[in-house]
Amino acid sequence: MHTIPPPPFPPPAALPAPYGLREQHAGDDAFASALYASTRDDLRRMPGPAALAEQLIAMQWRAQVHGYRQAYPLASYLVLERDGTPIGRLVLDRDGDALRLVDIAILPDEQGRGAGSAVLRGLQALAGAQRLALTLAVNRANTGARRLYRRLGFRPDAEDALQ
């Protein structure tokens with residue numbers, strides 16, 4: 001039996017200016033890697049040489065890319081832009097009756113300026129229009145993201161040591 005993969009998710013149509021979403025392509029690899037590195041200050045704070053931390057970050061990036069491709073083979077990878085400049089990335093997957101936000105990352109200098117709220121509201125509208133639940137997971141230590149998700153109406157349905 002053959003299945004036809006669903007088409008890529010359309011970017012949320014209702015993102016307010018100056019934000020936009022587009023499909024990620026090979027030319028975005030350096031940005032995506034640098035964005036990931038910007039989220040890993042935890043590894044930079046570890047004792048030891050800075051070069052070792054950077055190698056660890058690069059290794060973790062490759063592991064994340066591989067892991068997402070394995071776990072979510074039909075996922076859409078989108079670049080978040082502000083006025084045409086990349087500022088973030090999203091990984092979206094559809095699983096039955098749910099739209100899953102697998103990952104979202106926004107450059108540290110852009111956090112707290114409305115991009116995350118704009119994206120999440122757009123995804124809520126997209127999921128609502130398609131009659132899908134919108135799900136995500138967040139690290140327990142990511143208090144800023146948890147506050148944002150609560151403010152936008154997300155509620156935990158399970159927690160573990162990492163969530």
Side-chain angles (χ1 to χ4, degrees), residues 7-45 53-54 56-95 98-130 132-154 156 162-163:
F9 292 104
L15 284 188
Y19 303 110
L21 286 171
R22 63 170 173 79
E23 291 287 329
Q24 184 174 323
H25 52 75
D28 295 311
D29 289 351
F31 167 74
S33 176
L35 175 65
Y36 177 81
S38 78
T39 70
R40 296 310 307 260
D41 284 342
D42 60 324
L43 294 177
R44 287 191 182 89
R45 287 190 297 269
E54 294 307 317
L56 241 151
I57 291 168
M59 190 170 64
Q60 290 289 319
W61 166 243
R62 289 189 299 274
Q64 184 188 72
V65 168
H66 178 74
Y68 285 170
R69 297 279 180 201
Q70 291 295 313
Y72 308 101
L74 300 178
S76 293
Y77 294 77
L78 304 170
V79 173
L80 172 63
E81 296 179 326
R82 175 193 286 272
D83 291 324
T85 300
I87 63 166
R89 176 185 60 78
L90 287 81
V91 179
L92 295 174
D93 189 57
R94 182 167 176 180
D95 182 18
L99 176 60
R100 179 172 181 78
L101 178 57
V102 174
D103 193 25
I104 182 171
I106 297 173
L107 289 171
D109 289 349
E110 293 290 333
Q111 292 175 10
R113 299 179 62 193
S117 294
V119 167
L120 290 166
R121 284 187 181 111
L123 291 175
Q124 287 172 321
L126 175 66
Q130 295 184 10
L132 301 171
L134 177 59
T135 65
L136 54 85
V138 61
N139 187 300
R140 180 177 287 183
N142 193 341
T143 56
R146 291 171 74 87
R147 270 193 313 273
L148 171 64
Y149 298 146
R150 274 193 305 273
R151 192 173 73 240
L152 294 176
F154 289 88
L162 296 176
Q163 296 177 338

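Values reported hereafter were calculated over all heavy atoms of this structure, with side chains retained and with hydrogens, waters and symmetry mates removed. In this text, all values refer to a predicted model and were calculated from it rather than measured experimentally.
Summarising the geometry of Tyr19 relative to Gly114, their closest heavy-atom pair is OH-C, 3.6 Å, with the distance given to 0.1 Å. Taking every heavy atom of both residues into account, Leu148 and Ser117 meet most closely at CD1-OG, 3.2 Å. Shortest non-hydrogen contact noted between Val79 and Pro86 is CG1-CB, 3.8 Å. The minimum heavy-atom distance between Leu15 and Ala118, with the atom names listed, is CD2-O, 3.1 Å. Between Leu132 and Ala98, the shortest heavy-atom contact is CD2-N, 4.0 Å.
Among Leu136, Asp93, Leu134, the one residue that satisfies the side chain to side chain contact (heavy atoms under 4.5 Å, CB included) test with Leu99 is Leu134. Put simply, the residue from Arg82, Arg113, Gln111 that forms a side chain to side chain contact (heavy atoms under 4.5 Å, CB included) with Ile87 is Arg82.
No side-chain donor-acceptor contact under 3.5 Å links Arg62 and Ser33.
Rounded to the nearest 0.5 angstrom, Met59 CE and Glu54 CD are separated by 12.5 Å.
Within the 4.5 Å cutoff, side-chain heavy atoms of Gln60 are placed close to those of Leu43. Side-chain contact between Val138 and Arg146 is present, with at least one heavy-atom pair separated by less than 4.5 Å. Residues Leu35 and Leu107 are in side-chain contact: their nearest non-hydrogen atoms beyond the backbone lie under 4.5 Å apart. Contact of the Asp103 side chain with the Leu90 side chain is not registered, since no non-hydrogen atoms from C-beta on lie closer than 4.5 Å. Taking the side chain as every heavy atom from C-beta outward, Thr135 and Leu101 never approach each other to under 4.5 Å. Between Ile57 and Tyr36, the closest side-chain pair of non-hydrogen atoms falls below 4.5 Å. Residues His25 and Tyr77 are not in side-chain contact: their nearest non-hydrogen atoms beyond the backbone lie 4.5 Å or more apart. Side-chain contact between Gln24 and Arg89 is present, with heavy atoms from C-beta onward closer than 4.5 Å.
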- Query: Passes side-chain contact (heavy atoms from CB on, under 4.5 Å), Glu23 versus Leu78? Steps please.
  - Reply: CA-CA 4 Å; Glu23 291 287 329; Leu78 304 170; 3.5 Å; yes
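Between the side chain of Asn142 and the backbone N or O of Ala145, at least one donor-acceptor pair lies under 3.5 Å.
For His66, the NE2 atom sits in a loose shell: 12 or fewer heavy atoms of surrounding residues, nucleotides or ligands are nearer than 6.0 Å.
With salt bridges taken as basic N to acidic carboxylate O contacts below 4.0 Å, none links Arg44 and Asp42.
For Glu81, the side chain to side chain donor-acceptor pair (under 3.5 Å) partners two or more places apart in sequence, or in a different chain, are Arg22.
The aromatic rings of Tyr149 and Phe154 sit perpendicular, their planes meeting at an angle over 60°, well past the 30° parallel limit.
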